[in-house]
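What follows is a single structure, written as structure tokens, with notes after it.
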Amino acid sequence: MTPSELQSVKNRFGIIGNSPLLNHALEVAVQVAPTEMTVLISGESGVGKESFSKIIHALSPRRHGQFIAINCGAIPEGTIDSELFGHEKGSFTGATESRKGYFEVTDGGTIFLDEIGELPLGTQARLLRVLENGDFIRVGSSKVQKTDVRVVTATNVRLLDAVNNGKFREDLYYRLATVPIVVPPLRDRGDDVPLLFRKFAVDFSEKYHRKAVTLTSDAIQEIQRHRFPGNIRQLKNLVEQISVLEYERDITAAILRRYLPPDQASSVPMVFSGADAGRGASGAPLERELLYSVLFEMRRDVNDLKALVGELLTHGTTTGGAIPPDLLHRNRQLLERLPVGGNGAENAAGHDSFALVRTGQYGNGTPPASTTLLPPTFVMGTPDALPSAATAEEAETEDVAHTEAEEENFSLDALEKAMITKALHRHQNRRKHAAQDLGISERTLYRKLKQYDIES
């Protein structure tokens, strides 16, 4: 492909830049467009993958047919089959009439499936059948229908990693990746960044009827050093912000720094680190993973606190209340987290036992005569009397054994089931309110209730 032909394509579709990586991706898109081959476009979020799908459609024999772009990650799992393949009347609750799916509507055209890695495994099998045989079945129907659709897909994750983790079908991957196109991130496009800045500045100048902003030489160097984790989308938002808020039209490096966020290499939103983007090490969603880590940390603190109470009770009964300095030193971090005052922790004389322990006053001698070693309300069991040293040691031993048994049987699923049960009790089994409290959809809650066999 000659440079003039490539520039003609750029001018036609509004592509700005001369990066070798960008030029190569464009050449592949132009070459594959006249064919019927499936294309897999990969790249970080915000690099313009949808623009490449439009180029492929516009330069193909299907250019007079319909083009539909679908974000697979934005469609709920329970309705995505209906959206893609259609459904019959009465096939599920709310299906008051028959509906055509996207594959039926775009017959003879091109369908662009963005975030293809988010497709459920069941939908992946149906998509593979469309690609292989060109037929599909509506939800709730037994009639096989034909469609002639070209499929272009895009992803911001490594689908091979998803295949290895069992999240994506291997046969579908190789069927989709007939021709791969990699769109480079903005940080790898060098001199394209000032060109894009200038183009966006002119666009916003016309939109807001103001003189276009320009970059000084030091500002150009500054903006080229920024990584732009949000890629072209982030750069466009930056230019619009500067065009509207900045009175000075010649943007220097000092002015530019006020609008640039802190540049962190680890903040790049490219999910190429694995197929389980948005998931923790255990494979659970990241929000669940964070919640579990907080709960586990709280559980460890409670167990440590129980053990500390046992030691304090033991030393309090055997040494007259004096706490050895080494015990205070070993538990300093835990003591610093103990609450100060209030909530029934003060004794009749107004002393705060927790505060006395924390500041080490008990370690310098015996407590005041009117002060108990620990608040009675804190000790498990009968609140009227403190257990003896032997009882405390036995309780501690039993608690440690019980904790070890719990840890052996403790799982993320068990914790999730307990949280769901608690939310249902809190809202008197009203599933809608319980789902809102848990931060999940009502459909997901129904699935969890069935998975864990929870009656509500």
Side-chain angles (χ1 to χ4, degrees), residues 38-47 49 70-81 83-85 112-132 151-185 229 231 265-296 409-417 419-420 438-441 443-448 450-452:
T38 55
V39 180
L40 176 62
I41 306 171
S42 58
E44 296 179 7
S45 177
V47 296
K49 296 187 290 294
I70 302 166
N71 188 328
C72 299
I75 304 177
E77 181 179 343
T79 61
I80 192 166
D81 284 350
E83 294 288 330
L84 294 179
F85 309 108
F112 173 59
L113 300 177
D114 197 6
E115 295 188 30
I116 190 67
E118 298 295 325
L119 277 183
L121 288 173
T123 309
Q124 293 177 28
R126 302 181 69 152
L127 175 59
L128 181 62
R129 180 172 179 176
V130 174
L131 295 175
E132 294 288 353
V151 177
V152 179
T153 58
T155 180
N156 62 348
V157 302
R158 289 191 187 276
L159 286 184
L160 273 179
D161 291 341
V163 169
N164 295 332
N165 292 328
K167 304 295 183 181
F168 201 83
R169 292 177 62 102
E170 185 176 13
D171 49 3
L172 178 60
Y173 168 76
Y174 288 111
R175 186 64 180 80
L176 293 174
T178 305
V179 178
I181 296 178
V182 180
V183 183
N231 292 291
S266 61
S267 66
V268 178
M270 186 177 185
V271 200
F272 275 3
S273 58
D276 287 332
R279 292 182 176 271
S282 66
L286 186 57
E287 293 80 1
R288 278 180 55 190
E289 190 86 353
L290 294 174
L291 179 59
Y292 291 157
S293 64
V294 171
L295 292 175
F296 281 131
N409 298 323
F410 205 83
S411 67
L412 298 180
D413 288 341
L415 187 55
E416 185 178 41
K417 180 178 180 180
M419 292 170 61
I420 293 174
L438 291 167
I440 59 178
S441 66
R443 176 183 59 80
T444 302
L445 179 59
Y446 289 149
R447 180 165 54 84
K448 294 295 183 183
K450 185 176 180 180
Q451 175 183 346
Y452 297 125

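- Rounding to the nearest 0.5 Å gives a distance of 12.0 Å between OG1 of T153 and CD of E115.
- Not counting sequence neighbours, the partners of D171 by the side chain to side chain donor-acceptor pair (under 3.5 Å) test are R169.
- Within the 3.5 Å criterion, the main-chain N or O of G43 finds a donor-acceptor partner in the side chain of K49.
- Applying the side chain to side chain donor-acceptor pair (under 3.5 Å) test to Y446 and every residue at least two apart in sequence or in another chain returns E442.
- In this structure D114 satisfies the side chain to side chain donor-acceptor pair (under 3.5 Å) test with no other residue, sequence neighbours excluded.
- Atom CD of Q451 has more than 12 neighbouring heavy atoms from other residues, nucleotides or ligands inside a 6.0 Å radius.
- Atoms NZ and NZ, on K417 and K448 in that order, are 13.0 Å from each other to the nearest 0.5 Å.
- R175 meets the side chain to side chain contact (heavy atoms under 4.5 Å, CB included) test with T38, L128, L131, E132, T178; sequence neighbours excluded.
- Nearest heavy-atom pair, L121 versus K167, reported as atom, atom and distance to 0.1 Å: CD2-O, 3.7 Å.
- Taken to the nearest 0.5 Å, the CG atom of L159 stands 8.0 Å off from the CG atom of L176.
- Counting only distance, with no hydrogens or angles, the side chain of N231 and the backbone of S45 share a donor-acceptor pair below 3.5 Å.
- Considering only residues two or more places apart in sequence or on other chains, F112 meets the ring-ring contact (aromatic ring centres under 6.0 Å, His included) condition with none of them.
- Under the 4.5 Å side-chain criterion, counting only non-hydrogen atoms from C-beta, I116 is in contact with L127.
- In this structure, the separation between CD1 on I70 and CG on L113 is 5.5 Å, given to the nearest 0.5 Å.
- Annotation: side chain to side chain donor-acceptor pair (under 3.5 Å) contacts of E83 (sequence neighbours excluded): R99, Y102.
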